[in-house]
Amino acid sequence: MNWKLNQEDGDGETGVILKKKVKRPPKYKVLLHNDDYTTMEFVVYILKTVFAKTTEEATGIMLKVHHDGHGVCGIYSHEVAETKMKKVSTEAKKNGHPLLCTIEPE
């Protein structure tokens, strides 16, 4: 929270501290999308390396992606979400996978 001191001019009175509300920045979901070519093992690898998931968490998200067509990897600020999306795309391309990663507002 930001605090602002409201002071009077020159008469020596003490000021009043006013509380200012700060709006939190919006959060974004990072999503992986299912395709017919990316292996389940690679999706688990991505979830563990890019999103710091445990093997159990990564397997659960991978299965959600596989069964539902997409799954949430995490929720972050826009900058962090965008960076993670780019890391996934770069890693997938480097390894010959068409894995699609997107972000959307929470």
Side-chain angles (χ1 to χ4, degrees):
M1 264 187 218
N2 291 340
W3 297 89
K4 182 179 178 184
L5 182 60
N6 187 11
Q7 296 179 329
E8 297 293 324
D9 290 338
D11 61 14
E13 291 184 27
T14 58
V16 176
I17 297 178
L18 303 173
K19 204 182 334 182
K20 181 180 177 185
K21 290 187 178 183
V22 177
K23 186 178 176 184
R24 292 193 179 269
K27 296 288 187 170
Y28 290 81
K29 296 185 282 188
V30 180
L31 304 167
L32 289 182
H33 299 268
N34 192 38
D35 63 65
D36 293 333
Y37 303 101
T38 304
T39 64
M40 293 179 178
E41 293 80 13
F42 185 75
V43 173
V44 169
Y45 164 78
I46 287 293
L47 290 163
K48 290 172 71 175
T49 58
V50 176
F51 298 96
K53 301 296 183 186
T54 65
T55 300
E56 293 77 25
E57 291 170 324
T59 301
I61 295 168
M62 175 273 298
L63 289 171
K64 180 153 181 55
V65 170
H66 181 69
H67 293 295
D68 297 346
H70 66 278
V72 177
C73 305
I75 300 172
Y76 308 95
S77 68
H78 187 265
E79 294 78 15
V80 172
E82 197 169 63
T83 299
K84 290 191 179 287
M85 179 182 69
K86 288 177 182 176
K87 282 183 184 179
V88 170
S89 297
T90 299
E91 194 68 22
K93 187 174 183 178
K94 186 170 77 173
N95 286 278
H97 295 287
L99 182 61
L100 177 62
C101 183
T102 61
I103 62 173
E104 67 180 40
E106 183 179 35

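Along the sequence shown, residues carry numbers from 1. Bear in mind the structure is a predicted one, so any value in this text is a computation, not a measurement.
Residue pairs that meet the ring pair (Phe, Tyr, Trp, His ring centres under 6.0 Å) test with at least one member in residues 34-55, sequence neighbours left out, are Phe42-Tyr45, Phe42-His97. Within the structure, every pair that satisfies the salt bridge (charged side-chain N to carboxylate O under 4.0 Å, His left out) test and touches residues 94-103, not counting sequence neighbours, is listed here: Glu91-Lys94. For the salt bridge (charged side-chain N to carboxylate O under 4.0 Å, His left out) condition, the pairs that include at least one residue of residues 95-106, sequence neighbours left out, are Lys29-Glu104. Sorted by first and then second residue, the side chain to side chain donor-acceptor pair (under 3.5 Å) pairs with a member in residues 57-85 read Thr54-Glu57, Lys64-Asp68; sequence neighbours excluded.
Val50 and Leu63 fall within a single hydrophobic cluster, where Ile, Leu, Val, Met, Phe, Trp and Tyr are joined by side-chain heavy atoms under 4.5 Å apart, directly or via other members.
Partners of Thr102 under the side-chain contact (heavy atoms from CB on, under 4.5 Å) rule, at least two apart in sequence or in another chain, are Leu31, His33, Leu100. Residues satisfying the side-chain contact (heavy atoms from CB on, under 4.5 Å) test with Thr90, not counting sequence neighbours, are none. Partners of Ile61 by side-chain contact (heavy atoms from CB on, under 4.5 Å), not counting sequence neighbours, listed by chain and number: Leu47, Lys53, Val65. Partners of Lys48 under the side-chain hydrogen bond (donor to acceptor under 3.5 Å, both in side chains) rule, at least two apart in sequence or in another chain, are Thr55. Legend: residues meeting salt bridge (charged side-chain N to carboxylate O under 4.0 Å, His left out) with Asp36, ordered by chain and number and at least two apart, are absent.
The two residues Leu32 and Cys73 make their nearest non-hydrogen contact at CG-SG, 3.3 Å.
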